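Beneath this line is the structure, given in structure tokens, with notes to follow.
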Amino acid sequence: MNTVIKNIGCLVTCRGNAIKTGESLNDAGIIDNGFVVIEEDKILAVGKGEDYKKYLKEDTTIINGENMTVTPGLIDSHTHVVYGGSREKELALKLNNVSYIEILNNGGGILSTVRNTRKADSDILSEETKKRLDLMLLHGTTTIESKSGYGLNFEDEIKMLNVNKKLNDEHPIDIVSTYLGAHAIPEEYKENRDGYIDLMINEVIPYVGKNKLANFIDCFCEEGVFSVEESRRILKAGAEKGLKVKIHADEIKPIGGAELAAELNATSAEHLVGASLEGIKELANKGVVAVLLPSTSFYLMLNKFADARTMIKENVPIALATDCNPGTSPTESLQNVMTFACFGMRLTPEEIINSMTINAAYAIGKNDEIGSIEPGKKADLVIFNSKSLNYLIYHFGINSVKSVIKNGKLVVDDNKIVERW
Ligand code: NIG
Ligand code: FE
């Protein structure tokens, strides 16, 4: 099958042969009046003007991209999309100034989602998650990272990772899996933290590594959750079993999570709202990707976003993601994140789109396959009903997606999922 998207008002390629930092983050490789040629599941050619004509065959499907913006499929490099239940009851507590960590320490927050996730069998959990993946796809996301962390025992953590695996096979969205057993201390281990850490290190991590159930290991390194020392132990145990390292670092209080990410040569440090300047410099030195989650800052009412401008100035590679989860960021839409990244973090449209495509691909180890519109990459593309990239970010609060192409196939058209995979 061969498809040509021609006369694209604004073709945002995000091309380049390295992760984008500093000035280069502000170059999204935009081509006016561009075209893309798709052959089967790959991009065959990219260009400008009428040159697309030489690729036309008898059975070519032609899409007219006039007045549209076309970007690489969006990549959500940090999500907790597999979960049971919901947490709207916490709204009233939040409005009464009960903090996130207080809610957690009183058995709510993550622990309430753990109870609901344990209760749900694998089919129910898959069904619930599939609905959220559909929403992601409708909003332009074609690949995600998905963390466990609401099982917090052997059986339920493995159940979550198997849901990732099953949905990766069954849903058009590709899923990269992360083991986040160190998301909280489960209630039954409240008086025996080390017992839970030993369970992860001696039983769950070896099983996950041996059965290749995850690509990454992650840990919520935060005051009142896992200390830097505990996080180091857990993450090192994962690395020994072949898992690459990610860290929920300095989300609320700066306790040295960024520094730990640099020390462990992590692939990414995530959140970083409270990261110190020293920590930021160390991330830059080691090329650790800072995965920033501005909708979480907004939803936690932190009145503070991660200091993305300083990170860019210091040449830290950044990515942007939803953090999709039932507590701190109940949204599936990376377009929401675009709004917070621009108006909360003062990132430019070019910086934002690079951070959700090519840089996000680096954050999940998939940069050879996806993240830019270049010959040889997977044909994962979004067609936005927007005349320019600027317009896409400027007109906020709506879903601007017209169509989504995944692996060369049209999977969303006119805001509806079309059954063509
Ligand atoms: O990234 N901080 C830890 N994990 C999630 C929240 C999970 C939850 O509250 O259910 C986060 O913010
Ligand atoms: Fe998170």
Side-chain angles (χ1 to χ4, degrees), residues 74-83 86-88 90-91 93-95 97-104 108-113 132 135-136 139 141 144-147 149-150 178 180 182-184 218-226 246-255 257-258 261 268-275 279 289-309 311 318-347 352 355-356 359-360 363-364 396-397:
L74 304 181
I75 300 171
D76 199 342
S77 54
H78 178 140
T79 84
H80 308 250
V81 71
V82 181
Y83 60 82
S86 60
R87 305 235 294 273
E88 65 280 11
E90 286 171 18
L91 254 182
L93 294 171
K94 282 161 75 103
L95 292 172
N97 291 322
V98 186
S99 80
Y100 177 72
I101 297 291
E102 265 177 278
I103 296 175
L104 173 64
I110 294 174
L111 293 175
S112 102
T113 301
R132 292 188 278 270
L135 281 171
M136 287 176 160
H139 286 83
T141 300
I144 65 165
E145 180 256 14
S146 169
K147 303 176 194 290
Y150 293 122
T178 297
L180 175 60
H183 199 189
D218 191 350
C219 176
F220 189 9
C221 179
E222 186 70 46
E223 192 178 284
V225 193
F226 291 93
K246 291 181 170 288
I247 310 183
H248 273 69
D250 305 326
E251 175 173 351
I252 301 164
K253 295 255 172 72
I255 63 165
S268 59
E270 325 212 326
H271 287 284
L272 299 168
V273 180
V289 185
V291 178
L292 309 180
L293 308 150
S295 54
T296 306
S297 290
F298 165 78
Y299 210 82
L300 280 171
M301 301 170 169
L302 294 180
N303 291 324
K304 191 179 171 198
F305 291 93
D307 190 356
R309 292 257 54 100
M311 292 181 198
I318 68 163
L320 289 162
T322 60
D323 199 16
C324 175
N325 76 73
T328 66
S329 187
T331 181
E332 290 79 10
S333 168
L334 275 168
Q335 290 171 73
N336 281 339
V337 177
M338 290 178 185
T339 304
F340 295 121
C342 182
F343 298 95
M345 292 174 156
R346 294 178 175 268
L347 298 186
I352 291 170
S355 302
M356 294 182 178
N359 279 15
I364 59 171
F396 83 104

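Predicted model, so just to flag it, every value in this text is computed and none were measured.
- Among all heavy-atom pairs drawn from Ser77 and Ala319, the shortest one is OG-CB, 4.0 Å.
- Between Arg346 and Phe305 there is no side-chain heavy-atom pair separated by less than 4.5 Å.
- Scored by the salt bridge (charged side-chain N to carboxylate O under 4.0 Å, His left out) test, Arg87 finds Glu90 as partners (sequence neighbours excluded).
- The two residues Val225 and Ala184 come nearest to each other via the heavy atoms CG1-CA, 4.2 Å.
- Here the side chains of Pro326 and Tyr150 are in contact, with some heavy-atom distance below 4.5 Å.
- Between the CD atom of Gln335 and the OG1 atom of Thr322 there is a distance of 12.5 Å, given to the nearest 0.5 Å.
- Other residues, nucleotides and ligands contribute more than 12 heavy atoms inside 6.0 Å of the CD atom of Glu102.
- For Lys304, there are no salt bridge (charged side-chain N to carboxylate O under 4.0 Å, His left out) partners at least two apart in sequence or on another chain.
- Looking at Ile318 and Leu347, their side chains come closer than 4.5 Å, going by heavy atoms from C-beta outward.
- The CD1 atom of Ile352 sits 11.5 Å away from the CG atom of Leu334 when rounded to the nearest 0.5 Å.
- In this structure a side-chain-to-backbone donor-acceptor pair under 3.5 Å is missing from Ser268 to Ala290.
- Of the inter-residue distances, the one linking Ile144 atom CD1 with Asp76 atom CG reads 7.0 Å to the nearest 0.5 angstrom.
- A distance of 11.5 Å separates CD1 of Ile75 from OG of Ser355, quoted to the nearest 0.5 Å.
- At least one side-chain heavy atom of His80 sits less than 4.5 Å from a side-chain heavy atom of His183.
- Heavy-atom minimum distance, Leu272 versus Ala306: O-CB, 3.8 Å.
- A donor atom on one side chain and an acceptor atom on the other are found under 3.5 Å apart for His248 and His78.
- The heavy-atom pair separating Asp218 from Ala182 by the smallest distance is O-CB, 4.2 Å.
- In terms of heavy atoms, Ala249 sits closest to His271 at O-CB, 3.8 Å.
- Counting only distance, with no hydrogens or angles, the side chain of Lys253 and the backbone of Gly224 share no donor-acceptor pair below 3.5 Å.
- Proximity of a side-chain donor or acceptor of Glu222 to a complementary backbone N or O of Glu251 within less than 3.5 Å is detected.
- Considering only heavy atoms from C-beta on, Cys221 comes within 4.5 Å of Ile255 through its side chain.
- The number of heavy atoms from other shown groups lying within 6.0 Å of CZ (Phe298) does not exceed 12.
- Side chain to side chain, Asp323 and Thr296 meet the donor-acceptor criterion of an N or O pair below 3.5 Å.
- Atom-to-atom distance recorded for Leu95:CG and Met301:CE is 5.0 Å, nearest 0.5 angstrom.
- Side-chain contact check for Ser329 and Ser295: at least one donor-acceptor pair (N or O, by modelled atom type) lies under 3.5 Å.
- A donor-acceptor pair shorter than 3.5 Å can be found between the side chains of Asn336 and Thr331.
- Under the salt bridge (charged side-chain N to carboxylate O under 4.0 Å, His left out) criterion, Lys246 pairs with Glu270, sequence neighbours left out.
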Passes side chain to side chain contact (heavy atoms under 4.5 Å, CB included), Val273 versus Ile252? Steps please.
CA-CA 6 Å; Val273 180; Ile252 301 164; over 6 Å; no
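- Annotation: side chain of Met136 is in contact with side chain of Cys324 (closest heavy-atom distance under 4.5 Å).
- Counting only distance, with no hydrogens or angles, the side chain of Asp250 and the backbone of Gly257 share a donor-acceptor pair below 3.5 Å.
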Check the pair Val291 / Glu145 against side chain to side chain contact (heavy atoms under 4.5 Å, CB included), numbers first and verdict last.
CA-CA 12 Å; Val291 178; Glu145 180 256 14; over 6 Å; no
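- Expressed to the nearest 0.5 Å, how far CG of Asn325 lies from OH of Tyr299 amounts to 9.5 Å.
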